[in-house]
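Note on naming: letters A, B, ... go to the chains in the order of the sequence lines (proteins, then strands), and numbering restarts at 1 for each one.
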Amino acid sequence: MIARLRMAAAALLLSAGACSYQHYQSTFSDAAVEARQFNILFVIFLVVCAVMYALVITFLIAGIARRRRSQANVMEEGRHHESDPLMGTGLIGWGALVATGLVGLAIASFFTDRSMASAAARPKLLVTVTAKQWWWDVRYEAGDKSKTFHTANEIHLPVGVPAQIVLQSDDVIHSFWVPSLAGKQDLIPGRVNDISITPTRVGIYRGQCAEYCGAEHAKMALTVDVDSYGDFLNWWRHQLQSAPPPATPLATAGYNFVTSRNCSACHAIAGTPANGTVGPDLTHLASRRSIAAGAMPMSEGNLYGWVADPQSIKPGNHMPTIGMEPDQLHAVIAYLKTLK
Amino acid sequence: MNEPPEIREQDERLAKECKKIVRDGPKLTGPRLEARLDRAWRRPPGIIGWLATVDHKEIGRRYIITALLFLAAGGFLALLMRLQLARPDSNLISPQRYNELFTMHGSTMMFLFAVPVMEGVAVFIIPLMLGTRSTAFPRLNAFSYFMYLFGGLMLWIAFVLNIGPDIGWFAYTPLSGPQFSPGKRADVWAQMITFTEVAALAAAVVLVCTILKTRAPGMTLARMPLFAWAMLVVAVMIIFSMPAVALCSGMLISDRLVGTNFYNAYEHGDALLWQHLFWFFGHPEVYIIFLPATGFVSVMVETFCRRPVFAYPVVVLALISTGILAFGLWVHHMFATGLPRVGYSFYTSASMTVAIPTGLQIFCWLATMWDGRPRFQVPMLYVVGFIVTFVIGGLTGVIIASVPLDLQLHDTYFIVAHFHYVLIGGAVFPLLGILTYWYPKITGRMMSETLGKIGFWMLFLGFQLAFFPMHFSGLLGMPRRVYTYPAGLGLELPNLLSSIGAFVVAAAVVIFVVNGIVSLYRGIPAPANPWGAASLEWATMSPPPAYNFAHIPVVESRTPLWDNVADLPVVTGLRVDEKETLLTTVVAAAPDVREPVPAASLWPFVTACAVGIFFVTSIFSPWAIVFGTIPSAIAAAAWFWPKELKRHPEPVIT
Amino acid sequence: MIPAPRFTDSVADLPTHKFGPSSLTWWGILGFMIIEGTFFALAFAAYFFLMGHEQGWPPEGRQPPNLLWGTLFLIIMLLSEIPNSMIKKAAHERDVPAIRRLMPVIIGAGAVLLIIRGFEFNNLNCRWTDDAYSSIVWAILFLHTTHILTDWGDTIVLWALMMTDVGWEGRRLVDTDENCLYWRYVWLLWIPVYLLVYWVPRL
Ligand code: HEA
Ligand code: HEA
Ligand code: CUA
Ligand SMILES: [Cu+2]
């Protein structure tokens, strides 16, 4: 409702074209408790500010319109040290109005903050996100070590379940931001932050790193899948599994390449000797929606492109271009495709 | 007394001689006086004289022109950014280059344009407004300009040599630290800060002393022009805030060059230490840019509404309280860093309270218009443009002061929209207005009114086109500092509009510049007081002579030229054979001391060169500290050493 | 049109120098003192900020700085106020010979202090590269050293000037007065620095 109000206002102010798309990275989409609270508060602020602005502009126009009157308190009439008594009262009234407005806004802000804090009080799901230049390592933890797994650049959350996302950084400062769901929070080396999200609508939401973090800050995105509880559980169980052994000769060649050459120094694939931590975990790579933190959608062609020459797709990123013969490349891709 | 008799005798003889010295007064006035004053005050000719001058008008002019060149340069980079952002997934500019662009744009605009241009205008006009002949410490003033110039040149030369910084204008650690910014880019940025902060601090001390001590007799604090009040507050703010950025950039340089660990989280350091120190400076910085602009607005509103600004004491108190409050708000740039939640409401209310003094100032200007009879010449158009635009920016400022809202809006284009509304709407509009207004005083000619109006409307409309859509890009999820954005998020249209608007803005700036250059040769010659204004800068020729005023005026009201139409009271008795000016007391402005004014000198320039070489070389070797300080110290000592060591009846010294 | 002058009082009999707030340089020096004071205050704030995150201070495995040299420095600093006050008084009394005699004492004290400072650095029990604690301690002490060093240089230049004929000029006496004021500031600042560097880690 509120969101629709704002949408209407937005559409009025800007031509409708900008807004007629699917809001999957927008503060307008209202897909979680936190985002909704933002929207309500934003409308309150917008209304108060609009009123104040209207008053200022009215006064300005009135002042300009008045200049044609016969007498004025001006130098030419020798009355420049006088002023309209109305203005004295006006000043006091205006001061009081501004102060009241601000107090009102501060109180509204306070209550929003309160209700956000209480929504965050009892998280049911814990996800740890570690930001790296320029991708997100995601860890789902459980008391039982064998129930812990890594993925990257993609988070799944069950709808209606309050989740707490623990935020850390391995290198510089990044910021975790999924506008459709909640505000942002920085990931700072040496510190642990967290953010709470209680999604209210199933969907796919795009998020993006919001703190400048170096060359590829622009291409440090992530997706959040808000699933029904059943879908989430399926996904979660699937993620717990190790990678299947390669089935075809080509995939086996790829497997051998990946595990014996430099790839494994940086990437981990559960169930194989590859256990690097420099790059994203690849165990279920092919089940993800995008490659390299949202740089490209996941597809066989894009995977080819990425592995063959990551530097031209995301210049400056920390995966070097690895010289490969075409048949090696085919093999590697064939194997990666099996990592569902 | 402990002085030997022969010294006393000598002194008494000198004092007697001194009585015979020629002084201004009823017997020596008009052209004869002017010729003599001119001889005493004119700087030596030629390139040496150009480098050695201590005339505040020349220095102020240089400051303004240099700053405007940096505006053009920074604006040019903005156009490149807008070209890149006009289309989604664009490949015009590489990520590395784009990161350099916004860093250079932000740093240039904030450190090399906005703050220095305000100082430059003040250095030019404040002594004229206050009815005196020179700034305090004119050599320090000259030094300040050269430091600023060298800092700016260093940054831009580095950029051209492809070692320009790429860390954003606030250079957060650890991204700017030794581990993640190898090479010299971050050092160049940090050293540019050192240059500009030395320059700004020197200028601030000059301005404070000028405003407190050199006002014309009778110009009590309560009669001081509002612009002087604004600059006093700003100069004091510079004094308290610049040390913070000096400290944090010094610590960054030492982390990078000599291996300290201030910001290294793995050695007990803390990355957030940088943010606290930087914003302790950075937030006051934005008011350091904004408050002089409010002073400009007060000046223009007064002249064009034909009456003094309504509720002068309220405006003064608003300036002072904004200055004080500004030091309590820095955390509002750090809401997303995970501050303790209990403090949120406090930070929010603290940030919002600045809206009160600003709101009151807005009211006072509007009330002045209501009371008076505004004339819409170009400067006044800029005032109206300012109010319409700035208030939007101020209100978005209130929106982002709320923690829950800022957590969404922080680091998005909504913020970019906010700060361009307040920086351009709140500072650049009044600046262009006041440059039009003071142009006749600076150059002796009027700017073209027609071109001025065209330029204003293009700027105003182009500005809204460029920056209003940014609120939407922000709300639609566009973070700032991204070199590109994907198609399909709804960001195409707002970005395209912004890019078009940016070019309209640039065209308007070009028109302004063309107007400025053409009017220099073709403009109508300006009389002393072309706008019929009330303050003292209009009580002398346009452009003013080297000595500013033939006689030091006496002030009897807040609007001297409106209240003393027939004649202006003046004091007499200053020397005319040497540069001399009058010091008055701080509050009441009673004549106090006759102050000799230092002659032109090359030493400030030489010192600036020595210090500059020291700063630049220290990027490359810590040994610069040893071999750089010695020449700097020698130059500084030479600066303070009197020209001749003979005793002098009324010694002229620095 | 430039308004015609209406002549009022003459300022011809005003002096060209006065002590204290009437002097322009007094305000300039005040400005620079505030700048430096802010610098130190922020450095202290940074120190406490870093300290606030730690369990132990100094961080485990480190000894606080040895007290001897810092305390000696403090004593000499405080003692140097005696000749300093005498110079200030002499300046007000126009007693140039006394100034000429006493300034070398201050300069000598400055030299001794700088030598002691060397020992202090050696007795901090850490190197600036060790950790953030060491960095900030070194930084604060380094700041104070530049502070001493610049004022020491200043004093030497001024002394050289006072030895010339120009020393008798009123404005030079004002300079001397203000230099003494500055020296006072230098030692006043040392007290919190001393407490911070030497005693806070012992709390
Ligand atoms: C000229 C410069 C200038 C000025 C004057 C301001 C003025 C204000 N700014 Fe702005 N600000 C910047 C320049 C400026 N700012 C810059 C450059 C940044 C970004 C830095 C960066 O990250 O790169 C920034 C960022 C910034 C942030 C951080 C955003 C973020 O990064 O997440 C915040 C948050 O609180 C903020 C708040 C404010 C407020 C409350 C004011 C107030 O002073 C505004 C007061 C004025 C008004 C409110 C309008 C007039 C008043 C009325 C009409 C009265 C009625 C009003 C009500 C009752 C609501 N600013
Ligand atoms: C006073 C300060 C100021 C001013 C005036 C401007 C002016 C402009 N700014 Fe800037 N801006 C900042 C301060 C300022 N900016 C800051 C602090 C940042 C943050 C940086 C950071 O994130 O680190 C920023 C960031 C910023 C961004 C965000 C970049 C990003 O996050 O990725 C953008 C994007 O559109 C932008 C655009 C513009 C535009 C289009 C103008 C236009 O108004 C420019 C108009 C054009 C001109 C003024 C040039 C005209 C002249 C010529 C073309 C040459 C002719 C010359 C002669 C003949 C002499 N600015
Ligand atoms: Cu990570 Cu920006
Ligand atoms: Cu701020």
- Note on the structure: Between B:Asn564 and C:Arg6, the two heavy atoms sitting closest are OD1-NH2, 3.7 Å
- Can you pull the salt bridge (Lys or Arg N to Asp or Glu O under 4.0 Å) pairs that have at least one residue in residues 267-276 of chain B, sequence neighbours excluded? A:Arg191-B:Asp270
- Message: Quick check for you: to the nearest 0.5 Å, what is the distance between B:Ser254 atom OG and C:Trp128 atom CH2?
- Response: 10.5 Å
- Task: Keeping the roles fixed (side chain from B:Asn261, backbone from C:Thr129), state whether a donor-acceptor pair exists under 3.5 Å.
- Result: yes
- Toward chain C, the part of B:Ala633 with a non-hydrogen atom under 4.5 Å: neither
- Message: Nearest 0.5 angstrom please: B:Phe137 CZ to C:Leu24 CG, how far?
- Response: 4.0 Å
- Counting heavy-atom pairs under 4.5 Å with chain B, the top scorer among C:Ala46, C:Ser135, C:Ala139 is C:Ser135
- Message: Is any side-chain heavy atom of C:Ile35 closer than 4.5 Å to one of B:Val205?
- Response: yes
- Message: With a 4.5 angstrom heavy-atom cut-off, is it the side chain or the backbone of B:Leu574 that approaches chain C, or both, or neither?
- Response: both
- Grab the two heavy atoms, one from C:Pro5 and one from B:Thr29, that are nearest each other, plus how far apart they are. CG-OG1, 4.2 Å
- For chain B, which of C:Ala45, C:Gly37, C:Gly31, C:Gly28 has the most heavy-atom pairs under 4.5 Å? C:Gly28
- Note on the structure: Separation between CG (B:Leu273) and NE2 (C:His53), nearest 0.5 Å, reads 8.0 Å
- Query: Are the charged groups of C:Lys18 and B:Glu595 less than 4.0 angstrom apart, N to O?
  - Reply: no
- Message: Taking the side chain as everything from C-beta on, heavy atoms only, tell me whether B:Thr629 gets closer than 4.5 Å to C:Thr146.
- Response: no
- Task: Look up atom CD1 in B:Ile239 and atom OG1 in C:Thr38, then write down how far apart they are to the nearest 0.5 Å.
- Result: 8.5 Å
- Measuring from B:Leu247:CG to C:Leu143:CG, what's the distance to the nearest 0.5 Å? 7.0 Å
- Query: Checking heavy atoms, do the side chain of B:Val554, its backbone, both or neither come under 4.5 Å from chain C?
  - Reply: side chain
- So do C:Phe32 and B:Leu201 actually touch side chain to side chain, heavy atoms under 4.5 Å? no
- Query: Between B:Ala235, B:Ala637, B:Ala539, which residue shows the highest count of heavy-atom pairs closer than 4.5 Å to chain C?
  - Reply: B:Ala539
- Between CZ on residue B:Phe640 and CG on residue C:Asp154, distance to nearest 0.5 Å: 7.5 Å
- For the residue pair B:Pro591 and C:Val11, what are the closest heavy atoms and their distance? CB-CG1, 4.0 Å
- Message: Consider side chain to side chain contact (heavy atoms under 4.5 Å, CB included). Of B:Asp567, B:Asn529, B:Leu561, which one does C:Pro3 pass it with?
- Response: B:Leu561
- Looking only at heavy atoms, the pair that brings B:Gly573 and C:Ser10 closest together is CA-OG, 3.9 Å
- Item | C:Asp130 portion near chain B, given a 4.5 angstrom heavy-atom threshold | backbone
- Query: So do C:Glu169 and B:Pro642 actually touch side chain to side chain, heavy atoms under 4.5 Å?
  - Reply: no
- Task: Name the option with the most non-hydrogen atom pairs under 4.5 Å to chain C; the candidates are B:Val206, B:Asp592, B:Thr210, B:Thr260.
- Result: B:Asp592
- For C:Phe7 against B:Gly25, the heavy-atom pair lying closest together: CE2-C, 3.8 Å
- Please name the pair of heavy atoms, one in B:Pro569 and one in C:Thr8, separated by the smallest distance, quoted to 0.1 Å. CB-CG2, 3.9 Å
- Message: Taking atom CH2 as the centre, does C:Trp26 end up with more than 12 heavy-atom neighbours from other residues, nucleotides or ligands that are less than 6.0 angstrom away?
- Response: yes
- Task: Can you tell which part of C:Ala160 gets under 4.5 Å to a heavy atom of chain B, answering side chain, backbone, both or neither?
- Result: both
- Which answer fits B:Tyr263, side chain, backbone, both or neither, if we ask what part of it has an atom under 4.5 Å from a heavy atom of chain C? neither
- Any side-chain heavy-atom pair from B:Val586 and C:Trp27 closer than 4.5 angstrom? yes
- May I ask you to check whether over 12 heavy atoms, not counting those of C:Phe121, lie within 6.0 Å of atom CZ? yes
- Item | Atom CD of C:Gln63 with >12 non-hydrogen neighbours under 6.0 angstrom | no
- Task: Count the heavy-atom pairs under 4.5 Å between each of B:His551, B:Met541, B:Met251 and chain C, then report the option with the highest count.
- Result: B:His551
- Count the heavy-atom pairs under 4.5 Å between each of B:Leu140, B:Val258, B:Thr540 and chain C, then report the option with the highest count. B:Val258
